[in-house]
Engineer: 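Have a look at this one before I ask anything.
Letters go in sequence order (proteins before strands), and every chain restarts at 1. Note that this is a predicted model, so its numbers are computed, not measured.
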Amino acid sequence: MVENVSEEESKKSLNFIESMVEEDLKEGKNGGRIQTRFPPEPNGYLHIGHAKAICMDFGIAQKYGGICNLRFDDTNPVKEDVEYVDSIKEDIQWLGFQWKNVYYASDYFQRIYDLAIKFIKDGKAYVDEQSAEEIAKQKGTPTTPGTESPFRNRPIEENLLLFEKMSKGEIEDGKMVLRAKIDMTSPNMHFRDPIMYRIITTHPHHRTGTNWKVYPMYDFAHGQSDYFEGVTHSLCTLEFEVHRPLYDWFIDQFATDDYRPRQREFNRLNITYTVMSKRKMLQLVQEGLVRGWDDPRMPTICGLRRRGYTPSSIRNFINKIGYTKYDGVIDVSLLESSIKEEFNATANRVCAVIDPIKLIITNYPEGQTEMLTTINNPENENSESHDMPFSRELYIEREDFMEDAPKKYFRMTPGNEVRLKSAYIVNCTGCKKDADGNVIEVYAEYDSQTKSGLPESNRKVKGTIHWVNVATALPAEIRLYDRLFNVENPGDEKDRDFREMLNPDSLKVVNGFVEPWLKDVKPFDHFQFQRIGYFNVDPDAKDGKLVFNRTVPLKDSWAKELKKG
RNA sequence: UGUCUCAUGGUGUAAUGGUAGCACAACAGUUUUUGGUUCUGUUUGUCGAGGUUCGAAUCCUCGUGAGACAACCA
């Protein structure tokens, strides 16, 4: 058995990163050592795109007996905050991964600074006094070469002196930067004398306070940190591909041995009907267009968690979509199928009515209540059961009754037989309407011989509907979520503000009823509301108030049939 | 008119010179005390043109299309 599993495992084709790692292992690189890192910047909440990177970084370490460290890339105090450090840690662990060590790029500020001094002394870095605009202008464009700064060739001693003044806080923010002296005509823009250090005195750093007045840029911090830590495989997303030559170049300038961390890039995750940019998410949160980072419509890890997704469903999803160098867009239905697959096997079935209308069983004795048994999960052969009270007055779904029904309508319609789930077969006899013609009550007669479990209950009946007992039903707030945007790829439409594309119906709140078995549920408990969808308990549920989120609806063949007309 | 990268059904992903397969989606049927699930089947694909080869999705050449790069962001 175990053998079969591992055999199957090895049969599964490797992605290109795994192939590279295995190749390196085979060649004996780094003495067979594997070390990765997950390097978030603490400036926002993690989203499902990060989950893909997390599964890669931690997954490679796990699979090849290596280690993965968590390293915060905290080189820009203007944007970063401890709030994010904590949430990032929580989300990684919730996903089911554990880092070996927690590091911070800020741990290396002194070493990186010393390196900068070395670059100056080696004549490979200079202090530029031009404005950001001037520097940008001289950079050229991807198709035209740049021009050299007038400060490019100042003497080493002068550079040393100015850089010291910069780092002592004697120079105002923005007045000077330290630049690498490489090649202003390089076809790779990143080689056109990239900025290594800038002055930031106006924002204290969330860990080092005001100790530092100068901070290294990403390109002069990331690879260095990898090198210091002994990272063997520095895995990141495709947009860093152009940085790789510079990543290598910087390390080559100071490395004293043969060891080199190896950067490789894979495609980032895009999903239809959502945005995956931290900037846009921040905007949605700050402008109140969603209820917060953990709004169940957000693609954040905490949003998905609140929506009802489980760590395993997210990991399975990531596993299914794979890693390549092709930048595509994943259909959100693939994400949804991963949670449906899991919950179909694990979620307890319950009755909940989200758009209630009263059903009166006219021949059922008034004042009588009986307990009926229903299985928790028919997909699980070891499933237990629970009881549901039944009496003369029930709630059913408004859409489960139609006065004039098309022939393929198998639900409650006058003269038609329908089964009440786990209860009786009933025959619809009519309804009552208000002055405006709205149906306000539905009537039916039950057949006492058809109680579930009795031989007569095996009669073939086309339709089965769910119900709750009026007297004992628990009121519940039910939040129905739909896609946040109504266009497939909001990020693609460059000339429209993404906020115009928000789906106005992405959240509908309704008041419904659930069966009394759900009296003591806790936040994040999840269920299948029979015939409707998978729901979980929102943390807003407290003090006896029930609040459910719809994680994902069940497939609805009837709705599809109706659409066909 | 630069550099780098990519291109397999509607979407994503396999096939590592040897039968183009899988998942999701869609469609049809089956089963069903959930119009869910299950099971069965169907539709749809190697960007184009040359070349190498007994044999090309795979290797080569030339096109075409797409993405990334011009922050004192990461």
Engineer: Does rA7(B) have its OP1 or OP2 closer than 4.0 Å to a side-chain nitrogen or oxygen of K325(A)?
Structural biologist: no

Engineer: I want to check one thing: is the phosphate of rU37(B), taken as OP1 and OP2, less than 4.0 Å away from some side-chain N or O of K555(A)?
Structural biologist: yes

Engineer: Taking atom C1' of rU13(B) as reference, at what distance in whole Å does atom CG of L14(A) sit?
Structural biologist: 14 Å

Engineer: For a quick check, tell me whether the side chain of Q528(A) and the base of rU34(B) share a donor-acceptor pair closer than 3.5 Å.
Structural biologist: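 Answer is yes: a donor-acceptor pair is held.
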
Engineer: Should rG35(B) form a Watson-Crick or G-U wobble pair with both distances under 3.5 Å, which nucleotide is its partner?
Structural biologist: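 The base-pairing partner of rG35(B), which may sit in any strand shown, does not exist here.
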
Engineer: Looking just at side-chain N and O atoms, do Q530(A) and Q528(A) make a donor-acceptor pair shorter than 3.5 Å?
Structural biologist: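 Short answer, no.
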
Engineer: Given atom NE2 of H243(A) and atom P of rC69(B), what is their separation to the nearest angstrom?
Structural biologist: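 Taking NE2 of H243(A) and P of rC69(B), I get 8 Å after rounding.
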
Engineer: What is the distance from NZ of K460(A) to P of rU32(B), rounded to the nearest Å?
Structural biologist: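 Those two atoms, NZ and P, are 4 Å apart.
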
Engineer: Round to a whole Å and report the spacing from CD of E239(A) to P of rU5(B).
Structural biologist: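 Taking CD of E239(A) and P of rU5(B), I get 16 Å after rounding.
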
Engineer: To the nearest Å, how far apart are F529(A) CZ and rU34(B) P?
Structural biologist: 19 Å

Engineer: Give a yes/no on whether any side-chain N or O of K560(A) is located under 4.0 angstrom from OP1 or OP2 of rA26(B).
Structural biologist: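 So the side chain of K560(A) is within the cut-off, an N or O lying under 4.0 Å from OP1 or OP2 of rA26(B).
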
Engineer: Is it the case that more than 12 heavy atoms not belonging to E27(A) sit under 6.0 Å from its CD atom?
Structural biologist: yes

Engineer: Looking only at atom C1', what distance separates rU31(B) and rG17(B), rounded to whole Å?
Structural biologist: 45 Å

Engineer: I need the CZ-C1' distance between F401(A) and rG35(B), as an integer number of Å.
Structural biologist: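 The distance from CZ of F401(A) to C1' of rG35(B) comes to 19 Å, rounded to the nearest Å.
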
Engineer: Using the ring of Y103(A) (Phe, Tyr or Trp, six-membered ring only), decide whether R37(A) places NZ or CZ under 6.0 Å from its centre and within 45 degrees of its axis.
Structural biologist: no

Engineer: Which is more 5' along RNA chain B, the nucleotide nearest Y323(A) or the one nearest L334(A)? Just name the residue.
Structural biologist: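 Going by which nucleotide is closer to the 5' end, it is Y323(A).
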
Engineer: Hey, does R192(A) reach any base, or is it just sugar-phosphate, or nothing, if we go heavy atoms under 4.0 Å?
Structural biologist: nothing

Engineer: Output yes when at least one side-chain N/O atom of R198(A) is less than 4.0 Å from OP1 or OP2 of rC73(B), else no.
Structural biologist: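 For rC73(B), OP1/OP2 do have a side-chain N/O of R198(A) under 4.0 Å.
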
Engineer: When you match N267(A) and I532(A) each to their closest nucleotide on RNA chain B, which lands nearer the 5' end?
Structural biologist: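 Checking each residue's closest nucleotide, the 5'-ward one belongs to N267(A).
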
Engineer: Measure from CG on D183(A) to P on rG2(B) and round the result to the nearest Å.
Structural biologist: 18 Å

Engineer: For the residue pair K52(A) and Y323(A), would you count it as a cation-pi contact if the rule is NZ or CZ under 6.0 angstrom from the ring centre and within 45 degrees of the ring axis?
Structural biologist: yes

Engineer: Could you give the CD1-to-P distance, from I321(A) to rC22(B), as a whole number of Å?
Structural biologist: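 Result: 21 Å.
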
Engineer: Is it true that E239(A) and R268(A) make a salt bridge, defined as a side-chain N closer than 4.0 Å to a carboxylate O?
Structural biologist: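 R268(A) and E239(A): salt-bridged.
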
Engineer: Are OP1 or OP2 of rU33(B) and a side-chain N or O of T374(A) less than 4.0 angstrom apart?
Structural biologist: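 No, no such contact exists.
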
Engineer: Strictly by Watson-Crick or wobble contacts shorter than 3.5 Å, is anything paired with rA56(B), and which nucleotide is it?
Structural biologist: none

Engineer: Return the pairing partner of rG2(B) with a 3.5 Å limit on both distances, Watson-Crick or G-U wobble; otherwise return none.
Structural biologist: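 WC or wobble partner is rC69(B).
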
Engineer: If the cut-off is 4.0 Å, is R349(A) near the phosphate of rG36(B), judged by side-chain N/O to OP1 or OP2?
Structural biologist: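 Answer no for this pair, as no side-chain N or O of R349(A) is under 4.0 Å from OP1 or OP2.
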
Engineer: Suppose we define a pair by two distances each less than 3.5 Å, Watson-Crick or G-U wobble; what does rA26(B) pair with here?
Structural biologist: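 In the structure as shown, rA26(B) has rU42(B) as its Watson-Crick or wobble partner.
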
Engineer: Using the P atoms only, state how far rA49(B) lies from rC54(B), rounded to an integer number of Å.
Structural biologist: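 Comparing P positions in rC54(B) and rA49(B) gives a spacing of 23 Å.
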
Engineer: So, OP1 or OP2 of rU32(B): does either fall under 4.0 Å of a side-chain N or O from T464(A)?
Structural biologist: no

Engineer: Suppose we call a contact any N or O donor and acceptor under 3.5 Å apart; does that hold for the side chain of E379(A) and the base of rG36(B)?
Structural biologist: yes

Engineer: For rA15(B), give its Watson-Crick or G-U wobble partner with both distances under 3.5 Å, or none.
Structural biologist: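 Base partner found: none.
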
Engineer: Identify whether any heavy atom of G44(A) sits under 4.0 Å from a base atom; if not, whether one sits that close to sugar-phosphate; answer base, sugar-phosphate or nothing.
Structural biologist: nothing

Engineer: Expressed in whole Å, how much space separates the P atoms belonging to rG45(B) and rU53(B)?
Structural biologist: 30 Å

Engineer: Can you see if the side chain of S333(A) gets near the phosphate of rA25(B) - specifically, an N or O under 4.0 Å from OP1 or OP2?
Structural biologist: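 Answer is no, no contact under 4.0 Å.
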
Engineer: Is a donor-acceptor contact shorter than 3.5 angstrom present between the side chain of S452(A) and the base of rU33(B)?
Structural biologist: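 Answer is yes: a donor-acceptor pair is held.
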
Engineer: When you compare rU33(B) with rU38(B), how far apart are their C1' atoms, in angstrom units rounded to a whole number?
Structural biologist: 16 Å

